[in-house]
Amino acid sequence: MTIQFEKIFRTEDPMRDKFLSRFFGLFNEEVVRYWCSCPEAPYEDLGRPTLYAPGEARGHTLDFTLRHRETGKVFVAEMKCELEFENYRYLRLNGAWQLKHHQQKAFLKFLHLAKQPEVYKVRVGGRQVLVDGAVLIWGAITPEGRKAVIEEYGFADVLSIEAMVSDLRKWKPAAWVEKISQLKRWSNELFDCLV
């Protein structure tokens, strides 16, 4: 069953949408990890990468290192999942302009690495890893938005959390089903204590 994030996170009740967006933000990186752990997924997650520019002693740690299962190519990946932020402006990737508000040094380094991966030293779990480029992960995407950011920024791929959730619902890996049951149980325990 295909999920549409607008049906979950964009309703007539903005307070609800804000709450659910923040709540989802507590575990949305787990979606990527569980998805990558499935043999059906095109990528596997190698861990969090730290990027070092030439001469830099302290690098910046990003979200994921993805290895493509078929080609063996390795990519640094960063996730942006801003569902309700600024009146849903970034919920679905429609164009390259949506990346412009991210001006943090780590993200700018990630953008630069997409076009010039050879400039950076990348370490994962204390080991140096050669990378072939960068992959952007966004909450939800359109084909036009995906194409625009690939053309402008040079990403090897653009993935969506929305599609990953749909895949996980279809594949139903036991570990994911168990994780969601655990989160639901914990949340219910909290709310049951409050009333």
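We're numbering straight along the sequence, starting at 1. Predicted model only: the values in this text are computed from it and were never measured.
- Hydrophobic clustering keeps L66 apart from I150 (ILVMFWY residues linked when any side-chain heavy atoms are closer than 4.5 Å, directly or through intermediates).
- H68 and Y43 have perpendicular rings, their planes meeting at more than 60° on a 0 to 90° scale where under 30° would count as parallel.
- Using a 4.0 Å cut-off between a side-chain N of Lys or Arg and a carboxylate O of Asp or Glu, R92 and E162 qualify as a salt bridge.
- Note on M79: it clusters hydrophobically with I3, by side-chain heavy-atom contacts below 4.5 Å among ILVMFWY residues.
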Under 3.5 Å, sequence neighbours excluded: what are the donor-acceptor pairs made by side chains of residues 29-36?
unit_1: E29; atom_1: OE1; unit_2: R33; atom_2: NH2; d: 3.2
unit_1: E30; atom_1: OE2; unit_2: R33; atom_2: NH1; d: 3.3
unit_1: W35; atom_1: NE1; unit_2: D167; atom_2: OD2; d: 2.9

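- Between D63 and R48 the shortest side-chain heavy-atom distance falls below 4.5 Å.
- Between N94 and E144 the shortest side-chain heavy-atom distance does not fall below 4.5 Å.
- The main-chain N or O of G47 is found under 3.5 Å from a side-chain atom of T65 such that the two form a donor-acceptor pair.
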Step-by-step side chain to side chain contact (heavy atoms under 4.5 Å, CB included) determination, L136 to Y153 = CA-CA 10 Å; L136 177 67; Y153 293 103; over 6 Å; no

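- When every heavy atom of G139 is checked against every heavy atom of C81, the shortest pair comes out as CA-SG, 3.8 Å.
- Listed here is the closest heavy atom pair of Y52 and G59: CE2-N, 3.2 Å.
- Close placement of the Y90 and H101 rings is indicated, their centers lying within 6.0 Å of each other.
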Please list every donor-acceptor pair under 3.5 Å in which a side-chain atom of residues 174-184 meets a protein atom from a residue at least two apart or in another chain.
unit_1: K179; atom_1: NZ; unit_2: Q182; atom_2: OE1; d: 3.3
unit_1: S181; atom_1: OG; unit_2: V177; atom_2: O; d: 3.0

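- The minimum heavy-atom distance between E152 and A96, with the atom names listed, is OE1-CB, 3.3 Å.
- Following chains of ILVMFWY side-chain contacts shorter than 4.5 Å, one can reach L168 starting from I8, so the two form part of one hydrophobic cluster.
- Among V74, L130, V131, L62, the single residue meeting the side-chain contact (heavy atoms from CB on, under 4.5 Å) criterion with V122 is V131.
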query = Run the side chain to side chain contact (heavy atoms under 4.5 Å, CB included) check on F110 and F155 step by step: do they pass?
reply = CA-CA 10 Å; F110 166 71; F155 294 119; 3.4 Å; yes

request  = Might you work through the side chain to side chain contact (heavy atoms under 4.5 Å, CB included) test for S160 and I137, ending with a clear yes or no?
outcome  = CA-CA 5 Å; S160 80; I137 304 171; over 6 Å; no

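- By the 30° and 60° cut-offs, the orientation of the rings of F27 relative to F23 is perpendicular.
- Between R16 and T11 the shortest side-chain heavy-atom distance falls below 4.5 Å.
- The side-chain hydrogen bond (donor to acceptor under 3.5 Å, both in side chains) pairs that include a residue from residues 117-133 are H112-Y120, where partners are two or more places apart or lie in different chains.
- Side chain of K7 to main chain of Q4: no donor-acceptor pair is present (N/O by atom type, distance under 3.5 Å, no hydrogens or angles).
- Counting non-hydrogen atoms of neighbouring residues, nucleotides and ligands closer than 6.0 angstrom, the CZ atom of R22 reaches no more than 12 such neighbours.
- Within a 6.0 Å radius of CD in Q104, other residues, nucleotides and ligands contribute more than 12 heavy atoms.
- Looking at heavy atoms from C-beta onward, P54 lies in side-chain contact with V119 at the 4.5 angstrom threshold.
- Linking Ile, Leu, Val, Met, Phe, Trp and Tyr residues whenever their side-chain heavy atoms come within less than 4.5 Å leaves L159 and L113 in two separate clusters.
- A perpendicular orientation is assigned to the rings of F24 and F5, their planes being inclined by more than 60° (bins at 30° and 60°).
- Between E151 and R146, no side-chain nitrogen of the basic residue sits less than 4.0 Å from a carboxylate oxygen of the acidic one, so the salt-bridge criterion is not met.
- Using a 4.5 Å heavy-atom cutoff, the side chains of V158 and L93 are in contact.
- Side-chain atoms of T61 do not come within 3.5 Å of backbone N or O of T50 as any donor-acceptor pair.
- Inter-residue side-chain proximity for V129 and P49 is flagged as unmet; no heavy-atom pair is nearer than 4.5 Å.
- No donor-acceptor pair closer than 3.5 Å links the side chain of R10 to the backbone N or O of Y88.
- A 4.5 Å side-chain heavy-atom check between E56 and K109 finds at least one atom pair inside the cut-off.
- For the side-chain contact (heavy atoms from CB on, under 4.5 Å) test with W138, the passing option among L99, L91, I161, V149 is L99; the others fail.
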ask   = Are R89 and E84 close enough, and set up right, to give a salt bridge (Lys or Arg N to Asp or Glu O under 4.0 Å), and what steps lead you there?
value = CA-CA 7 Å; R89 187 175 184 170; E84 181 274 337; over 6 Å; no

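- Between V124 and F64, every side-chain heavy-atom pair lies at or beyond the 4.5 Å cut-off.
- Crowding of K18 atom NZ: a count of heavy atoms from other residues, nucleotides or ligands under 6.0 Å not exceeding 12.
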